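The block underneath contains the structure these notes are about, expressed in C-alpha cells.
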Amino acid sequence: MNIRIGTRRRVTLAAGLFTAAVLTVAATQSSSAASTLGAQAAQSGRYFGTAVANYKLSDGTYSGILDREFNMITPENEMKWDTTEPSRGSFNFGPADSIVSHAQAHGQRMRGHTLVWHSQLPSWVSSISDANTLRSVMNNHITQEMSHYKGKIYAWDVVNEAFADGSSNHRSSVFQNVLGNGFIEEAFKTARSVDSSAKLCYNDYNIEDWNAAKTQGVYNMVKDFKSRGVPIDCVGFQSHFGTGGPPSNFQTTLSNFAALGVDVQITELDIAQASSTNYSNTVRACMNVSRCTGITVWGIRDSDSWRSGDSPLLFDNNGNKKAAYSAVLSALGG
Ligand code: 9MR
C-alpha cells in the first residue's frame with residue numbers, strides 16, 4: 001500500500017517534471033525561432049534592414065514585405081546631395097521625410113545615406129574650385145541635413161566611398177582634389193558637432209577582403225582617427241558580392257575593424273544569383289562578431305535591385321521568399 005502510494009507519487013512527480021520540461025523546450029524554441037528577419041536579428045540585439053525607394057511605398061506588395069520583415073531602413077537615393085540640395089542653399093527633404101514618416105509609423109529605425117559622396121553630387125558642387133567655398137558648402141550641407149533629421153537617425157554614412165579601388169589611397173573627387181586628405185575628418189568633426197546622438201560611419205565597397213589594399217587603407221584611416229580622437233563610431237561594409245560570395249576572410253575583416261573600437265555593419269548586401277551558401281556565410285560572419293550590429297540588404301525584390309539582372313536579393317519579382325531567405329533566417333539563429 002505504502003509502496004503503491006509512493007510509486008504513484010513518484011509517477012505523478014515524474015509526469016509533472018516531464019510536462020515542465022516540454023513546456024520549457026517549447027518556450028525556448030518559440031523565443032529562439034522568430035518568423036521574420038527583423039525579429040530574428042533582434043533576438044541577438046541586431047537589426048535587419050533594407051534600402052527603400054520612396055516612390056515604391058505605395059506598392060502594397062513592397063510595403064507589405066518591408067513592414068513585415070525589416071526593422072531598419074536606408075533611403076536608396078532620397079538623402080543624397082542631388083536630391084537634398086539640388087542648388088546651393090535650397091534644400092529638399094520631402095522624399096526622405098516621407099520615408100522617415102513611414103519608418104516612424106512602423107517602428108523601424110533609419111540609416112542616413114549619405115552626406116559626403118563624389119557621386120550623385122550636383123554639378124554646382126563638383127565645379128567649385130575654391131577651398132574655402134567648398135569647405136563651407138560641405139559643412140553647411142552636413143549641418144542642414146543632420147539638423148533636419150536630428151534625433152531620427154540611428155547612424156549616418158557621413159562619408160561614402162572615398163577610397164580608390166585597388167589602392168590604399170583616397171580616390172579623386174572634388175572634395176579630395178580641392179580640400180585634400182583632411183576633408184574626411186573635417187566632415188566627421190562637423191557631423192559630431194551637429195548631432196552627438198547619431199552614430200557616425202564611414203561606408204565603402206570592396207573593403208570586405210582583409211588582404212585588399214583598399215581595406216588596409218580604410219583600416220589605417222580608422223586606426224588613425226581613433227588614435228587622434230577624430231569622431232568615428234562605425235564602418236559600413238557595403239558587401240555587393242559576385243557569384244563567389246563573400247571573401248573567406250570577411251569575418252576576420254569585421255573583427256579586426258571592431259577591435260579598433262568601432263561598430264561594424266553590413267550596409268548594402270546583395271549577392272549575384274543569391275546562393276543560400278553565400279548568404280548564410282555572409283550573415284554568419286556578422287553573427288560571429290559581437291560588434292557587428294546589423295545587416296541591410298540593398299532592396300527587397302530582385303526587381304527592386306540596382307543590379308536586377310543578377311537576381312541578387314531575398315525575394316523574387318513577385319515578392320515570394322527565395323531559398324536564400326530561409327538560409328538567412330536560420331543563420332540569424334532561427
Ligand atoms: O541603388 C542606387 C541606385 O538606385 C542609384 O541609381 C545609384 C546611383 O549611384 O546608387 C545606388 O546605390 C548605391 C549606394 O548609394 C552606394 N553604394 C553603391 C550603391 C549601388 O550602386
Side-chain angles (χ1 to χ4, degrees), residues 49-57 59 62 65-66 70 72-86 92-93 95-96 98-100 110-123 125-126 141-142 145 149 153-166 170-176 184 187 200-209 212 214-215 217-218 234-243 246 264-274 282 294-315 317:
T50 182
V52 162
N54 180 47
Y55 74 92
K56 290 178 185 163
L57 288 173
D59 170 341
Y62 182 86
I65 301 170
L66 170 62
F70 298 99
M72 182 73 74
I73 290 178
T74 306
E76 188 170 0
N77 291 296
E78 293 78 353
M79 286 186 176
K80 294 173 181 174
W81 202 315
D82 58 355
T83 298
T84 54
E85 194 184 5
N92 168 29
F93 295 121
S98 92
I99 296 181
V100 173
M110 293 291 307
R111 186 180 188 93
H113 176 78
T114 175
L115 297 167
V116 179
W117 187 28
H118 66 275
S119 183
Q120 289 177 281
L121 186 67
S123 58
V125 183
S126 49
H141 182 78
I142 294 169
E145 184 159 354
Y149 291 111
I153 304 290
Y154 159 72
W156 272 106
D157 290 332
V158 178
V159 176
N160 193 42
E161 301 176 6
F163 279 72
D165 285 313
H170 294 176
R171 73 164 67 233
S172 170
S173 73
V174 69
F175 302 108
Q176 178 67 28
I184 302 181
L200 308 181
C201 308
Y202 176 78
N203 191 55
D204 214 330
Y205 66 91
N206 283 355
I207 57 166
E208 296 82 12
D209 178 351
K214 189 173 176 183
T215 307
V218 174
C234 34
V235 175
F237 297 79
Q238 293 185 11
S239 307
H240 295 293
F241 295 134
T243 50
V264 293
Q265 292 108 16
I266 294 175
T267 51
E268 304 184 12
L269 179 61
D270 49 22
I271 308 179
Q273 308 313 325
T282 305
I295 298 170
T296 292
V297 287
W298 205 241
I300 297 178
R301 302 161 298 196
D302 285 333
S303 51
D304 298 315
S305 173
W306 68 296
R307 49 191 298 214
S308 56
D310 289 335
S311 304
L313 295 173
L314 301 178
F315 295 87
N317 297 350

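None of the values given here were measured: they were computed from a predicted structure. Atoms within a ligand are numbered from 1 in the order they appear, just like the ligands themselves.
- Under 4.0 angstrom from ligand 1, the non-hydrogen atoms of N77 all belong to its side chain.
- Nearest protein heavy-atom contact of atom 12 (O) of ligand 1 is W298 NE1, 3.2 Å.
- Near E161, meaning under 4.0 Å from any of its heavy atoms, are these atoms of ligand 1: 16 (C), 17 (N), 18 (C).
- Electrostatic pairing of D204 and R171 does not count as a salt bridge here, judged by no charged N lying under 4.0 Å from a carboxylate O.
- Remark: ligand 1 atoms within the under-4.0 Å shell around heavy atoms of N160 are 16 (C).
- Ranked by closest heavy atom to atom 13 (C) of ligand 1, the top entry among R307, M79, K80, Q238 is K80.
- Between the CH2 atom of W298 and the OG1 atom of T74 there is a distance of 5.5 Å, given to the nearest 0.5 Å.
- Considering backbone and side-chain atoms alike, W306 places every N or O at 3.5 Å or more from each N or O of ligand 1.
- Side chains of F70 and I65 form a contact here, defined as non-hydrogen atoms less than 4.5 Å apart.
- In terms of protein heavy atoms, atom 18 (C) of ligand 1 is closest to E268 OE1, 3.2 Å.
- A162 is linked by a side-chain contact (heavy atoms from CB on, under 4.5 Å) to V159, F183, I184, Y202, counting only residues two or more places apart in sequence or in another chain.
- Counting only heavy atoms of the protein, atom 8 (C) of ligand 1 lies nearest to Q120 OE1, 3.1 Å.
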Quiz item: Should T50 and D304 be marked as a side-chain contact (heavy atoms from CB on, under 4.5 Å) after you check the CA-CA gap, both sets of side-chain angles, and the distance that decides it?
Solution: CA-CA 11 Å; T50 182; D304 298 315; over 6 Å; no

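- Put simply, the side chain of D157 never gets that close to the backbone of N160: no donor and acceptor are under 3.5 Å apart.
- Annotation for ligand 1: atoms under 4.0 Å from non-hydrogen atoms of H240 are 18 (C), 19 (C).
- Nearest protein heavy-atom neighbour of atom 1 (O) of ligand 1: E76 OE2, 2.4 Å.
- Using a 4.0 Å cut-off to heavy atoms of H113, the atoms of ligand 1 that qualify are 14 (C), 15 (O), 16 (C).
- Side-chain contact, H240 with E268: a donor N or O sits under 3.5 Å from an acceptor N or O.
- In this structure, the side-chain contact (heavy atoms from CB on, under 4.5 Å) partners of D82, at least two apart in sequence or on a different chain, are K80, Q120, P122.
- No part of Y205 comes within 4.0 Å of ligand 1, judged by heavy-atom distances.
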